[in-house]
Colleague: 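I'd like to ask some things about the structure below.
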Amino acid sequence: MASSAQSSGSSGGPAVPTVQRGIVKMVLSGCAIIVRGQPRGGPPPERQINLSNIRAGNLARRAAATQPDAKDTPDEPWAFPAREFLRKKLIGKEVCFTIENKTPQGREYGMIYLGKDTNGENIAESLVAEGLATRREGMRANNPEQNRLSECEEQAKAAKKGMWSEGNGSHTLRDLKYTIENPRHFVDSHHQKPVNAIIEHVRDGSVVRALLLPDYYLVTVMLSGIKCPTFRREADGSETPEPFAAEAKFFTESRLLQRDVQIILESCHNQNILGTILHPNGNITELLLKEGFARCVDWSIAVYTRGAEKLRAAERFAKERRLRIWRDYVAPTANLDQKDKQFVAKVMQVLNADAIVVKLNSGDYKTIHLSSIRPPRLEGENTQDKNKKLRPLYDIPYMFEAREFLRKKLIGKKVNVTVDYIRPASPATETVPAFSERTCATVTIGGINIAEALVSKGLATVIRYRQDDDQRSSHYDELLAAEARAIKNGKGLHSKKEVPIHRVADISGDTQKAKQFLPFLQRAGRSEAVVEYVFSGSRLKLYLPKETCLITFLLAGIECPRGARNLPGLVQEGEPFSEEATLFTKELVLQREVEVEVEGMDKAGNFIGWLHIDGANLSVLLVEHALSKVHFTAERSSYYKSLLSAEEAAKQKKEKVWARSEEQPVEEVAPVLEEEERSASYRPVFVTEITDDLHFFVQDVETGTQLEKLMENMRNDISSHPPIEGSYAPRRGEFCIAKFVDGEWYRARVEKVESPAKVHVFYIDYGNREILPSSRLGTLPPAFSPRVLPAQATEYAFAFIQVPQDEDARTDAVDSVVRDIQNTQCLLNVEHLSAGCPHVTLQFADSKGDVGLGLVKEGLVMVEVRKEKQFQKVITEYLNAQESAKSARLNLWRYGDFRADDADEFGYSR
C-alpha cells in the first residue's frame, strides 16, 4: 500500500518500528484516520490507523435502521472540533506512521507524523496540546513519547485550551438533522445560492453525503445532469460494481471527500437533493463527464444551472476519445463524410410536420426528418369516423398549423442541415407500419432551430429515449426546455382550449360542386391560393384559404407536354420534356402562396385559369422556358401578347419543345407598362389618442379654433343650466355630454349601457373611451350637436405596416407611439382607403421624419407589402429599414426572421 522504510538498531537492541507512508483519505474521529496508498491501475488499498495513548470524544452516530428501538447518539463535547482539527490539517496530505500495537480484532494503533518522516509534526501531541484529546487513563509516562504527551496535556490545562477551558463544552455539540421534512421547500428557500458544506461520504461517483453548514443538515446530494456507474446490491447483501464504478468513486473521493465545498441546491428527487458541487479546483460534474466516468441524464440535466450545453460538450469530449465508459462508443454519423454531415440546401417541400424535402447543391433531392420530434397525431382509436377517409393534414389536430408554420418559414429558403443520426429501415409489424431509412437532422435558418421553434409553439412533441440511446438531436436539451415552456404556457397541443377544426371541402373532380363554385371564383378576380400538389407542368391542386376548399387547376393558354399515365393494363409513356415541365412547375410554385384568376372549367370539374407567382404568370414562364406552347384559346386573353412574345423568344433559342421546329415570323409585341404616381399631400393634424391596436385619432389643425370656441360656449351654457343628476337616461348611439376626470364636460356618444353605473362612452372630439356612471352624463344641447360642428376626432391607421399579433409586442409598439406623437402636431397623408379606416403615413412636424418608418427601424412592427406600383418606392424604403432591424436583432427580430409568423419564435413571453 505505502512505501516503507526500516531502520535497524544494534543486533542486540529492540526492533525499531517500521515507518510507513500514505495519503490521508478520511478522518473518522479525533483519534482515527484512514490512509490510502498511491493508485496503480485502479483504486489503491487503504487501512485505518488509530492514534496510540490518547482519546478524543466520539462523534454523533445515527441509529441503525434495522434497530427500531435504538436512538441516535449525539456528539461528545469537543469531538467535532477534534475531527475538524485533523480534517483541515491532514486530508489529502502525505503522512508517515508507525504501528505500535495490533489487537486480535485487527485494529491498529500507532503514531502519525505529518510529512515523509518522523521528524514531522506528531499528530497525537498536537491534539493533546490543543486540548482536543487526553492521554488514556492509567497510562504511565515511562518513555519519552508518553512524557511529551504528559507535558502537552499539562500545558493545555494551564492555558485552558479546548476541553480544559471553562464550561462543559456544550457549545461544541452539533444539532445534526438527518432528515428534511419538506425537501422541495428546503431547496427553494436557498434560491440556488451556494451553500457551504463538507462532503462526508461518497456513495458512488455522482452521489455523495454532505454536511450543510452552518445548520448541520446531513443530506444526500445527487449531481444534477449526470450519472456514474453504480454498485449493484445483490440478494446476499454484497455489492457488485458496474464497469468503472470503483474508478469513478475514487475519482470523486480523491477530490471531494471531507473537503470544504459549496453546493448549489437545484432540485429534489424523493428525499435526495439534486445539486452542483463547486470546489476551488473545478466543477466535479464536468470533470467526471470529461474523463469518461459519467454520462448525461435527460431527467435531471434540465435543472443544471450552469448550462446543459457544457455537460453535453464534456460528454462529447469523452465520447470522441472513447474514454472509459465510452471505450466501445461509435458515433451515429461515424460512417458519413463531413460534407454529408453538414450542408446547406434549399427547401422545396414540407412533407409533414417533421419532414422536408431539400435540394442539394448537386441538384439532387433529399428527404430530411427533424431530429427527436414527433408531429401531431390522433389520440385514441375512436377519434376518426371509419367510413370517412382520413386526411391527416386537416383531420389531425394542429397538423395543419404545424405544416403551415414550416411552409411559411422554409419553402424556397436556404437552410443549414446538420445530420444527427441515420434511422435504419424497419419492417412492418402488427401495430407499426414499415419505415424506410431516414436521415434525421437539426435544421436551422437564420440561427433558429426549426424543431425547437415547432416544439415551443406546441406544434410537435419531443421523443423520449432510453438513456443509452445516442441517436437523438444534438440540441436535445433545448428541445426539452422548449417543450416545458410550451406546456407551461398552454401552447398548441398542450392547450386546454378546444382543438382547431379545419373543414376543408375537396371539390376536385366533383362537377356539381365545381359548377356551383365557378361563379364565385370568376367574380372574385384574383384569389389567393396555396399550391398543394403538382400533377404535371400545367395541372395543379390548390388550396383556397378564404374559401377553405381544394380544387384542381389547369393553366390556361398553353399546351404543356403530357406526363406518363398509368392506364388499366398498360403504362402510357409521357411526351418529351413532360418531366422537365413538371419539375420546373414544382420548383417554382409547390407549396408557395400564389394568386389565381379562374376563367372557366372543363367537363371533369377542373378549373381553368391563370396562376401568378411573385407577379409572374406561370403560363408565360413555361412558354418562356420552352416547356410549353401557346394554345389557340389564349387569343381572347389579356395575356396573349405576353405569351406570343415569350414563345417567339423560346423559338429562336431552338431548345426543348422547339428543338425541331421551323422558325415562323411573328409580330413582336412590346408590353406597355402604366406608371402611376403616389399622391403626397400632407396636412397638419393634432394627435389626440392612440388605441391598443395602433390606430390613432387626430383633429384637423385648421378647424381647431372652431372646436375651442364651441367648447367654451358649451361649458358656459352648462354652468348656467347644469344638468340635474340622474335625470338623463342614456341610450346606445345617442350623443350626450360627459364629465371627464378633469371635471370638464365634453361631447360624447353612448356606445353601450351595461347598467346605470356602467355606461360606455366615446369622446367624439378626442377619440378616447371611458366607462362612467349615468350621473356623470347629461343631454347634449342642440346648439352644440355634431350637426353644428362635426365630430373632430377622425380615426386612422398606419399604412405599410403590420401590427404585431403578440399582445406584449403590440404594447411595446403602442407605448413607443404614445411617447412620440400623442398630444403633438404632426403631418398626415392619406395613402389608401380600407374597410375599417383610411391608412395614412404620419410625419413629425419638425423633422419631417416618417413615424411608421421609425417603428420599422426599431423592429417594433413589420412591413405590409403592397403591390400597387405607386407605392413601390416607399415600400422599398420600409423593407430596407426592416432588413436593418432584422440584422440588428431588434425587438420583434430578436429570434431572427419570422415575417411569415406573427407569434414569438420560441414561445417566450416578453
Side-chain angles (χ1 to χ4, degrees), residues 346 348-349 357 359 362-365 412 529 531-542 551-567 570-592 594-604 606-671:
K346 185 178 181 181
M348 306 308 298
Q349 186 180 1
V357 175
K359 185 179 181 181
S362 63
D364 295 333
Y365 287 79
V531 179
E532 291 290 353
Y533 192 78
V534 175
F535 299 102
S536 69
S538 60
R539 182 185 177 91
L540 312 96
K541 192 165 194 173
L542 305 181
I551 65 171
T552 301
F553 189 80
L554 307 179
L555 296 180
I558 62 171
E559 186 180 346
C560 195
R562 282 180 179 273
R565 300 177 70 187
N566 291 322
L567 300 174
L570 70 122
V571 176
Q572 182 178 326
E573 291 186 5
E575 296 177 359
F577 303 105
S578 60
E579 291 185 6
E580 288 86 340
T582 303
L583 186 60
F584 177 84
T585 301
K586 267 188 179 180
E587 292 195 355
L588 195 62
V589 301
L590 182 58
Q591 291 187 335
R592 310 289 181 97
V594 298
E595 290 182 326
V596 293
E597 297 175 78
V598 174
E599 290 192 342
M601 59 173 281
D602 64 10
K603 294 178 181 179
N606 303 315
F607 294 95
I608 303 170
W610 308 94
L611 185 145
H612 304 272
I613 173 79
D614 296 332
N617 187 322
L618 180 56
S619 297
V620 176
L621 291 173
L622 280 163
V623 173
E624 198 174 73
H625 286 80
L627 292 170
S628 291
K629 296 180 181 180
V630 178
H631 195 261
F632 68 89
T633 53
E635 292 177 3
R636 56 181 182 269
S637 163
S638 59
Y639 301 106
Y640 184 54
K641 290 183 180 179
S642 300
L643 287 168
L644 287 179
S645 177
E647 188 175 58
E648 180 60 31
K651 281 181 180 179
Q652 290 178 2
K653 293 179 183 177
K654 295 183 179 180
E655 294 177 346
K656 298 169 187 169
V657 298
W658 300 109
R660 297 181 181 178
S661 66
E662 295 181 1
E663 187 176 347
Q664 296 179 355
V666 180
E667 183 183 353
E668 186 176 345
V669 179

Colleague: Are Glu587 and Lys346 within salt-bridge range, i.e. N to O under 4.0 Å?
Modeller: no
Colleague: Side-chain contact, heavy-atom cut-off 4.5 Å: Glu599 with Phe607?
Modeller: no
Colleague: Short question: side chain of Ser645, backbone of Lys641 - any donor-acceptor pair under 3.5 Å?
Modeller: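 Pair absent, no side-chain N/O of Ser645 close to backbone of Lys641.
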Colleague: Could you walk me through whether Leu611 and Asn617 pass the side chain to side chain contact (heavy atoms under 4.5 Å, CB included) check?
Modeller: CA-CA 6 Å; Leu611 185 145; Asn617 187 322; over 6 Å; no
Colleague: Measure the spacing between CE of Met601 and CG of Asn606 and express it to the nearest 0.5 Å.
Modeller: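 Rounded to the nearest 0.5 Å, the CE-CG separation comes to 8.0 Å.
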Colleague: Could you give the distance from CD (Glu624) to OG (Ser619), rounded to the nearest 0.5 Å?
Modeller: 12.0 Å
Colleague: Test side chain to side chain contact (heavy atoms under 4.5 Å, CB included) on Leu590 and Gln349 and set out the steps.
Modeller: CA-CA 7 Å; Leu590 182 58; Gln349 186 180 1; 3.7 Å; yes
Colleague: Hey, mind stepping through Ile608 and Val598 against side chain to side chain contact (heavy atoms under 4.5 Å, CB included) and telling me if it holds?
Modeller: CA-CA 6 Å; Ile608 303 170; Val598 174; over 6 Å; no
Colleague: Under the rule for side-chain contact (heavy atoms from CB on, under 4.5 Å), what residues qualify as partners of Glu597, not counting sequence neighbours?
Modeller: Arg526, Trp610, His612, Tyr639
Colleague: Working to the nearest 0.5 angstrom, can you tell me the gap between Glu647 CD and Ser642 OG?
Modeller: 12.5 Å
Colleague: Could you note down all residue pairs passing ring pair (Phe, Tyr, Trp, His ring centres under 6.0 Å) where residues 616-637 supplies at least one of them, sequence neighbours left out?
Modeller: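 Listed once each, the pairs are Phe584-His625.
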Colleague: Before you tell me yes or no, could you show the steps for Phe553 and Val594 under side chain to side chain contact (heavy atoms under 4.5 Å, CB included), namely the whole-Å CA-CA distance, both residues' side-chain angles and the distance that decides it to 0.1 Å?
Modeller: CA-CA 12 Å; Phe553 189 80; Val594 298; over 6 Å; no
